[in-house]
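Okay, structure first, notes after.
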Amino acid sequence: MVSYLLRRLLIAVPSLLGISLILFTVLALAPGDPFQEMATNPNVPPQVREALRESFGLNDPVMVRYLRWLAAMLRGDWGFSFASRVDVDDLILQRVPTTLFIVGSSQILALAIAIPVGIFAATRPYSVFDQVANTLAFIGFSLPTFFTGLLFILIFSVQLDWFPFVYRTDIAATGWRWYWEMFRQAIMPVSVLGFFQAASYTRYVRSAVLDVVRLDYVTTARAKGLGEGAVTLRHVARNALIPVVTLVALQMPAVFGGAIVTEQIFRIPGIGSLLISAILANDTPVIMAVTFVFACLVVLFNLIADLLYGWLDPRISFR
């Protein structure tokens, strides 16, 4: 496994370099200027704007700027935000805990719903429960998160006034009151992301269980006198969830991408809202850093999915 891991890491290096080069070139050629506000401000002379562009190297060729950015990244220097006037790594570190909390909680909620519902529906195919579960899964998967987010706000915040619709990190409370307020304001964004992912996972869990439940060793287990619950848990679910675990690992980068929309709806100060504000301000260092982090997540979780699949299925050997 060690040699396989080293080979995958060596393959990931040129992939990440190619991704970073494409991202940097697209951002460099895109219209917009991070110092555009200075150009429209009559109090700022044009010489000041040009001096700033020269100091940040924005007038250099694209390849020179990319090599400078790559060398800085290898040294651990993520750049300087033009809009926020702080280091990019500090900005990202401030936002990462909130995004990890929302995304992690939504994934736990999605799996807690999808696994039992998918298994129960597959062991009773074409029953009323199976048909209802399939219908709800298709509805949940078809509705985008921005629609369900606004719907939750209208129902639970505007009409019922149960939960706040703006996520705040500066809650004026201490002790258990602080934890309760954090829990209340996280319910809606976590539910929006969790229900959307649960709808997708339920379909895969049901399909995987249906493929396993008809196999010979399951029939043999029943013939030996094992109860239906033991057959389902020990023989069906354990083997059916192998591809589901791989799917969850592969879906994690997409979940982070979907969190961008949810963070905008509920005003969550996470990575997604940082990326949107950086795009609006033409803050190239922040855009480059966040998108490169997402690219690294894709490569990382693909590797984790392959390792998990080999660990769960002993028939697969790493060579």
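No experiment lies behind these values; they were computed from the predicted model shown.
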Looking only at heavy atoms, what is the nearest atom pair of [X] and [Y], with distance?
| X | Y | result |
| --- | --- | --- |
| S106 | L193 | CB-CB, 3.5 Å |
| D89 | G76 | OD2-O, 4.3 Å |
| A295 | I19 | CB-CG2, 3.6 Å |
| A137 | A199 | O-CB, 3.3 Å |
| T123 | V209 | CG2-CG1, 4.5 Å |
| L109 | G194 | CD2-CA, 4.2 Å |

Grouping I, L, V, M, F, W and Y whenever their side-chain heavy atoms are under 4.5 Å apart, do [X] and [Y] come out in a common cluster?
| X | Y | result |
| --- | --- | --- |
| F147 | F138 | no |
| L160 | V190 | yes |
| L136 | L210 | no |
| V13 | L23 | yes |
| F146 | F195 | yes |

Would you say the side-chain atoms of T99 and E263 include a donor-acceptor pair closer than 3.5 Å?
-> yes

When you look at [atom1] of [X], are more than 12 heavy atoms from neighbouring residues, nucleotides or ligands closer to it than 6.0 Å?
| X | atom1 | result |
| --- | --- | --- |
| F129 | CZ | yes |
| R267 | CZ | no |
| F152 | CZ | yes |

Taking the side chain as every heavy atom from C-beta outward, state whether [X] and [Y] have any atom pair closer than 4.5 Å.
| X | Y | value |
| --- | --- | --- |
| S157 | I153 | yes |
| Q185 | F163 | no |
| L93 | W78 | no |
| T25 | M63 | no |
| S273 | I268 | no |
| I260 | F294 | yes |
| W162 | I187 | no |
| F196 | L143 | no |

For the side chain of S277 and the backbone of L274, is there at least one donor-acceptor N/O pair under 3.5 Å apart?
-> yes

Got a second to check how far [X]'s [atom1] is from [Y]'s [atom2], nearest 0.5 Å?
| X | Y | atom1 | atom2 | answer |
| --- | --- | --- | --- | --- |
| R65 | T284 | CZ | OG1 | 7.0 Å |
| L150 | T145 | CG | OG1 | 9.5 Å |
| I271 | L100 | CD1 | CG | 8.0 Å |
| M188 | T148 | CE | OG1 | 11.0 Å |
| L154 | Q159 | CG | CD | 7.5 Å |
| D77 | D87 | CG | CG | 7.0 Å |

Apply side chain to side chain contact (heavy atoms under 4.5 Å, CB included) to the pair F266 and V192, showing each step before the final yes or no.
-> CA-CA 11 Å; F266 295 99; V192 168; 4.1 Å; yes

Verify side chain to side chain contact (heavy atoms under 4.5 Å, CB included) between M288 and S20, making sure each step is shown before the conclusion.
-> CA-CA 8 Å; M288 189 65 199; S20 64; 4.1 Å; yes

Assert yes or no for the condition that the ring centre distance of F292 to W69 is strictly below 6.0 Å.
-> yes

Under the side chain to side chain contact (heavy atoms under 4.5 Å, CB included) criterion, do L91 and V286 qualify, and how do the steps go?
-> CA-CA 8 Å; L91 275 178; V286 177; 4.0 Å; yes

Quick one: which of R206, R203, R124 gives a salt bridge (charged side-chain N to carboxylate O under 4.0 Å, His left out) with D130?
-> R206

Kindly determine whether T202 and F141 satisfy side chain to side chain contact (heavy atoms under 4.5 Å, CB included), including the steps that lead there.
-> CA-CA 10 Å; T202 300; F141 185 73; over 6 Å; no

